[in-house]
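Naming convention: chains lettered A, B, ... in sequence-line order (proteins, then strands); numbering from 1 in each chain.
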There are 2 protein chains.
Amino acid sequence: MTTIKDVAREAGVSIGTVSATLNGTKYVSDKLQKRVHEAVKKVGYTPSVAAQSLKKGSAKIIGLILPDITNQFFAVLARAVEKAATSHEYTVLLGNSDQDQKKEADFLRLLKNHRVAGLILAPSSSGEEYGRNLADTVATPVVLVDRKTEGVVWDSVVSSNKDGARRAVMHLIECGHSRIAGIFGISYVSTVRDRLEGYKEVIRAAGYTVSPELIATGCNDPEKVRLAAQAMLNLRERPTAFFASNNQVLQGVMLAVRNHGLNCPRDISITGFDGMGWADLMDPPMTTVEQAASEMGAEAVRLLIHRLQGNSGPPQHIVLPTQFLVRKSSVPPLDSIYKW
Amino acid sequence: MTTIKDVAREAGVSIGTVSATLNGTKYVSDKLQKRVHEAVKKVGYTPSVAAQSLKKGSAKIIGLILPDITNQFFAVLARAVEKAATSHEYTVLLGNSDQDQKKEADFLRLLKNHRVAGLILAPSSSGEEYGRNLADTVATPVVLVDRKTEGVVWDSVVSSNKDGARRAVMHLIECGHSRIAGIFGISYVSTVRDRLEGYKEVIRAAGYTVSPELIATGCNDPEKVRLAAQAMLNLRERPTAFFASNNQVLQGVMLAVRNHGLNCPRDISITGFDGMGWADLMDPPMTTVEQAASEMGAEAVRLLIHRLQGNSGPPQHIVLPTQFLVRKSSVPPLDSIYKW
DNA sequence: ATGAAAGCGCTAACAT
DNA sequence: ATGTTAGCGCTTTCAT
């Protein structure tokens with residue numbers, strides 16, 4: 001591998017001059033600049049990130065920890081982060097946590113080893129203790145995405161989760177549903193909590209009671225979703241509508257409804273959070289609340305870069321609006337069915 | 001940030017001993033080992049990847065270049081790569097090329113700067129010249145995934161693309177279709193070429209003619225797909241079936257068919273490549289050929305690690321079988337319509 | 001069995 | 001305006 005020395009020799013200058021012209025750190029005459037650039041090209045020099053990082057004490061790397069890139073929402077988010085980071089000359093190191101604190105911690109350590117400049121994180125828990133632990137291990141600036149953590153002073157970018165859930169459930173109520181089931185992911189992340197709150201609030205505000213038998217949390221894999229939905233469908237008083245709190249849950253609910261021999265929307269309505277491009281093509285097209293995944297990633301980088309530039313100030317909390325799209329999966333209930 | 005020196009001081013040993021116990025490079029007495037480990041914990045030491053890489057001349061990093069992580073297929077692939085790489089203590093640096101050679105080259109340079117140990121790449125072109133250029137810039141072992149490049153001697157892992165396409169088109173023919181439209185992505189990647197070949201072969205073998213008006217290549221964005229599909233639907237002799245050569249094309253075709261006021265499968269059949277979990281839930285459930293995305297990633301890492309361990313030998317080419325799943329989108333043609 | 005020290009490639013402070 | 005040099009944190013060779 002060629003080094004700065006090779007360039008210096010080739011150009012007939014000192015390595016200091018090479019470094020200076022490549023980084024624009026101090027004045028170098030046009031003549032030498034030209035010679036340096038030619039030499040760089042000639043010997044095929046590429047600077048060693050390792051050496052630069054070692055010298056500078058930190059690398060131009062942004063760590064990104066997401067639950068699972070396989071979830072379309074996070075894929076879009078990651079893509080936006082990569083794009084924005086690249087435009088600022090940062091590389092991104094991506095890790096999938098599966099919402100597992102062990103994996104998250106492992107990757108965190110890795111990022112630390114890499115002396116990353118900053119971190120964008122969708123935390124796997126929202127607890128205060130968890131947040132403090134995290135704060136202890138990472139000394140660099142952190143921006144939270146998608147979810148927040150309690151009592152920690154980092155910037156954050158999240159969707160208006162509560163509001164999104166409210167709109168979806170409200171819509172269901174306006175359609176005439178009163179037994180609305182809610183299926184949610186892991187209960188200790190803030191998105192779930194917020195969406196659950198929105199769900200409950202609207203149901204109560206409509207004068208209905210929030211019945212525990214119609215709420216399932218902790219459904220972070222397709223099988224759990226299926227089981228939960230199935231149990232609800234077997235209830236004596238079956239729900240007439242489902243609120244699926246994320247795109248993976250939505251998938252599970254659709255499958256469960258179908259396996260139960262039910263037709264959506266005729267027999268049962270479904271509303272999802274996050275369709276990510278496929279909602280339109282599904283059977284039936286799904287009513288969803290859509291999140292601004294791409295903006296979320298871009299904003300997160302913006303906030304992080306801002307910190308990396310040395311700005312301190314109080315933590316910024318950005319809430320991105322969601323968009324509620326009524327498609328075909330949510331209609332008034334079929335009386336004959338829900339009365340039995 | 002704490003360094004190896006801090007550990008050495010804390011443990012009352014030399015930095016050489018610290019290094020040796022941490023890496024197991026040579027014998028260190030149990031007593032000292034214990035003291036070192038305690039000191040590590042006490043001062044919260046994490047080794048600097050930069051320093052290690054600088055010293056070693058290369059980093060334990062695998063570069064991964066994919067067209068677009070937002071495409072479910074590549075997301076699953078990436079996830080598998082990350083998992084396998086991590087289990088071998090490698091970090092992965094992921095870049096999205098958008099099949100753009102400029103972006104690909106930029107990211108390649110970045111990887112070079114990082115002195116990555118090896119590279120897993122879905123090349124944005126299959127040309128021989130392109131491949132040679134690539135070979136010149138990257139000195140490290142490379143494993144090609146999803147697509148291959150001509151005349152280059154790297155290991156590769158791809159799907160049985162031609163065979164997959166053949167089965168899908170054969171199925172359409174067996175249903176009784178003779179005017180089968182094919183919509184493909186960028187023509188200079190090997191997947192497209194292979195799938196196109198499979199498509200043509202089967203049509204010819206069935207005794208039908210391959211008509212250029214029913215073939216569109218270069219459809220790498222939804223709009224292009226829509227336009228191409230629309231144009232075909234407006235043909236005097238409209239196709240009675242579509243073969244969509246990847247999941248994004250599939251999405252576009254479905255939309256175009258619907259916008260044209262047609263119903264799939266009644267008016268027209270559709271067959272896709274790669275449903276990635278959603279095919280079942282679509283309207284109608286889509287007949288697809290499914291790829292082993294996850295295995296592809298895992299195999300790629302396996303091959304790469306094998307090279308990194310110093311094995312030379314001739315290039316290995318792994319072809320992963322595809323799975324053809326008949327769902328509801330492909331049925332015999334409605335005579336009343338295709339005869340007009 | 002352990003320590004001392006050189007040197008990886010680079011940046012930046014200092015010298016000229 | 002350019003060159004020289006120390007030193008970032010680590011691995012590894014060479015002494016002891």
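Under the side chain to side chain donor-acceptor pair (under 3.5 Å) criterion, the residue pairs touching residues 117-128 of chain B are Glu104(B)-Ser124(B), Ser126(B)-Arg193(B), with sequence neighbours excluded. Sorted by first and then second residue, the side chain to side chain donor-acceptor pair (under 3.5 Å) pairs with a member in residues 48-59 of chain B form an empty list; sequence neighbours excluded.
For Glu10(B), the salt bridge (Lys or Arg N to Asp or Glu O under 4.0 Å) test picks out Lys42(B), with sequence neighbours left out. Looking at residues two or more places apart in sequence or on another chain, you find a side chain to side chain contact (heavy atoms under 4.5 Å, CB included) between Ile15(B) and Ile4(B), Lys5(B), Ala8(B). In this structure, the side chain to side chain contact (heavy atoms under 4.5 Å, CB included) partners of Ile186(A), at least two apart in sequence or on a different chain, are Gln99(A), Tyr188(A), Asn220(A). Among residues two or more places apart in sequence or in another chain, the salt bridge (Lys or Arg N to Asp or Glu O under 4.0 Å) test is passed with Glu82(A) by Arg79(A). Judged as a side chain to side chain contact (heavy atoms under 4.5 Å, CB included), and not counting sequence neighbours, the contacts of Asn23(A) are Ser19(A), Thr25(A).
For the 3.5 Å distance criterion, the side chains of Gln291(A) and Ser159(A) qualify, holding a donor opposite an acceptor.
Sparse packing is recorded around NE2 of His306(B), with 12 or fewer heavy atoms of other residues, nucleotides or ligands lying under 6.0 Å away.
A heavy atom closer than 4.0 Å to some atom of DNA chain D occurs in Ile15(B), Gly16(B), Ser19(B), these being the qualifying members of residues 10-22 of chain B. Looking at residues 33-46 of chain A, you'll see Tyr45(A) sit with a heavy atom under 4.0 Å from some atom of DNA chain C.
Close approach of DNA chain C to chain B, defined as any atom under 4.0 Å from a non-hydrogen atom of the protein, starts and stops at dA1(C) to dG9(C). With a heavy-atom cut-off of 4.0 Å to chain B, the contacted part of DNA chain D has its first and last nucleotide at dG9(D) to dC14(D).
Across all strands shown, Ser53(B) has no heavy atoms under 4.0 Å from either base or sugar-phosphate atoms. When heavy atoms are screened at a 4.0 angstrom cut-off, Lys56(B) is found touching the sugar-phosphate backbone but no base atom.
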Quick one: do Val157(B) and Asp155(B) satisfy side-chain contact (heavy atoms from CB on, under 4.5 Å)? Show the steps, please. CA-CA 7 Å; Val157(B) 196; Asp155(B) 297 334; over 6 Å; no
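Taking five base pairs at each end of the helix from dA1(C)-dT16(D) to dT16(C)-dA1(D) and finding the rotation axis that steps the C1' atoms of four pairs onto the next four gives two axes whose angle is 50°, to the nearest 10°.
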